[in-house]
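Residue numbers run from 1 in the order of the sequence given.
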Amino acid sequence: MIRKLLVFIEIAALVIVLRMPIVQDFLSSAQQTVTHWLITIEALPDKVALHDLREQSDGLYASMRPFQQDYFDSVTSSRQNVKHFHETYCLKDDKNPFISGDKRHQFCTYLSESPLLAKR
């Protein structure tokens, strides 16, 4: 009987402590931190693949004009942008005002070899 009473008192104390505002703030902060870590870990493979794509395209990038380099940077800023570029300008063979001719063909070759186009 005393054991049951002690368990009940411990549970009541735990509930009271967990409902305190300072504990709630701490738990909320911990949750936000862990969520941020998980989002960062999830985005890491994409960042590595984008970095590898930029490194592979260094020679192509160096031969571009500044406005083309800005466009290239925007294309290689995210997986979605890379997929959109590949679908529109590589698969559908639409004309691109910034990257055209051999540069576009070479960049499309780099994209086709990249893991960024793999389906998740």
Side-chain angles (χ1 to χ4, degrees):
M1 183 69 181
I2 293 179
R3 179 180 267 167
K4 289 181 182 179
L5 183 61
L6 287 175
V7 169
F8 178 74
I9 291 172
E10 288 174 356
I11 291 173
L14 183 62
V15 168
I16 290 171
V17 168
L18 289 177
R19 296 195 74 190
M20 293 174 60
I22 192 165
V23 174
Q24 291 289 317
D25 289 343
F26 172 75
L27 292 175
S28 174
S29 174
Q31 179 186 13
Q32 289 175 355
T33 302
V34 170
T35 301
H36 179 70
W37 289 347
L38 293 175
I39 290 171
T40 302
I41 289 170
E42 180 190 17
L44 189 60
D46 284 354
K47 288 183 179 184
V48 169
L50 288 168
H51 176 64
D52 291 346
L53 178 63
R54 285 188 209 107
E55 274 190 353
Q56 186 179 20
S57 304
D58 273 346
L60 180 65
Y61 186 82
S63 67
M64 292 180 179
R65 294 181 177 173
F67 71 92
Q68 290 174 314
Q69 291 176 345
D70 291 340
Y71 177 73
F72 182 85
D73 291 338
S74 71
V75 168
T76 58
S77 66
S78 72
R79 175 188 280 265
Q80 292 81 16
N81 291 354
V82 168
K83 283 185 174 183
H84 179 265
F85 182 92
H86 183 262
E87 183 178 308
T88 306
Y89 302 112
C90 298
L91 297 179
K92 293 181 182 174
D93 204 29
D94 199 3
K95 293 186 179 184
N96 186 301
F98 297 103
I99 302 174
S100 59
D102 289 336
K103 290 179 183 178
R104 183 178 62 114
H105 179 70
Q106 186 177 9
F107 185 54
C108 286
T109 302
Y110 294 152
L111 290 179
S112 65
E113 298 168 356
S114 173
L116 291 167
L117 299 177
K119 291 187 179 183
R120 284 192 191 193

Query raised in the report: Is there a side-chain contact between Lys83 and Leu117 (heavy atoms, below 4.5 Å)?
Result: yes

Query raised in the report: Is Asp93 salt-bridged to Arg104, cutoff N-O under 4.0 Å?
Result: yes

**Report entry** Ser112 (side chain) donor-acceptor with Thr109 (main chain) under 3.5 angstrom
**Finding:** yes

Requested in this report: Return yes if some donor-acceptor pair links the side-chain N/O of Gln69 with the main-chain N/O of Tyr61 below 3.5 Å, else return no.
Outcome: yes

Query raised in the report: How many angstroms lie between CG in Asn81 and OG1 in Thr76, if you round to the nearest 0.5 Å?
Result: 8.5 Å

Query raised in the report: Do His84 and Thr88 touch side chain to side chain, with heavy atoms closer than 4.5 Å?
Result: yes

Report summary line: To the nearest 0.5 Å, atom CD of Glu113 lies from atom CD of Gln56 at 5.5 Å

Query raised in the report: Which distance, rounded to the nearest 0.5 Å, do you find between the CZ of Arg19 and the CG of Leu14?
Result: 12.0 Å

Query - Rounded distance (nearest 0.5 Å) linking atom OG of Ser114 with atom NE2 of His86 - result: 9.5 Å

Requested in this report: Would you name the heavy atoms of Phe72 and Met64 that are closest together and state the gap between them?
Outcome: CD1-CE, 3.9 Å

Requested in this report: Report yes if the side chains of Asn96 and Tyr71 come closer than 4.5 Å at any heavy-atom pair, otherwise no.
Outcome: yes

**Report entry** Donor-acceptor pair, side chain of Ser57 and main chain of Leu60, under 3.5 angstrom
**Finding:** no

Query raised in the report: Does the side chain of His36 come under 3.5 Å of the side chain of Gln32 through a donor N or O and an acceptor N or O?
Result: no

Requested in this report: State whether the number of non-hydrogen atoms from other residues, nucleotides or ligands found under 6.0 Å of Phe8 atom CZ is greater than 12.
Outcome: no

Query - CG (Leu38) with more than 12 external heavy atoms under 6.0 Å - result: yes

Report task. Find out whether Leu111 and Leu53 are in side-chain contact, i.e. whether some heavy atom of one side chain is under 4.5 Å from a heavy atom of the other. Result -> yes

Query raised in the report: Same hydrophobic cluster for Leu91 and Val82, using side-chain heavy-atom links shorter than 4.5 Å among ILVMFWY?
Result: no

Query raised in the report: Transitively linked via ILVMFWY side-chain contacts under 4.5 Å: Val17 with Ile22?
Result: yes

Query raised in the report: Is Ile16 reachable from Ile9 through a run of I, L, V, M, F, W or Y residues, each pair having side-chain heavy atoms under 4.5 Å apart?
Result: no

Query - Test log, rule ring-ring contact (aromatic ring centres under 6.0 Å, His included), inputs Phe107 and Tyr89 - result: CA-CA 10 Å; Phe107 185 54; Tyr89 302 112; over 10 Å; no

Requested in this report: Output the distance between atom CG (Asp46) and atom CG (Leu50), rounded to the nearest 0.5 Å.
Outcome: 6.0 Å

Query raised in the report: Distance-only, no hydrogens or angles: does the Ser29 side chain make a donor-acceptor pair with backbone N or O of Asp25 under 3.5 Å?
Result: no

Requested in this report: Hey, could you give me the CG/OH distance between Asp52 and Tyr110, rounded to the nearest 0.5 Å?
Outcome: 13.5 Å

Query - Heavy atoms from other residues, nucleotides or ligands near CG of Asp94 exceed 12 (cutoff 6.0 Å) - result: yes

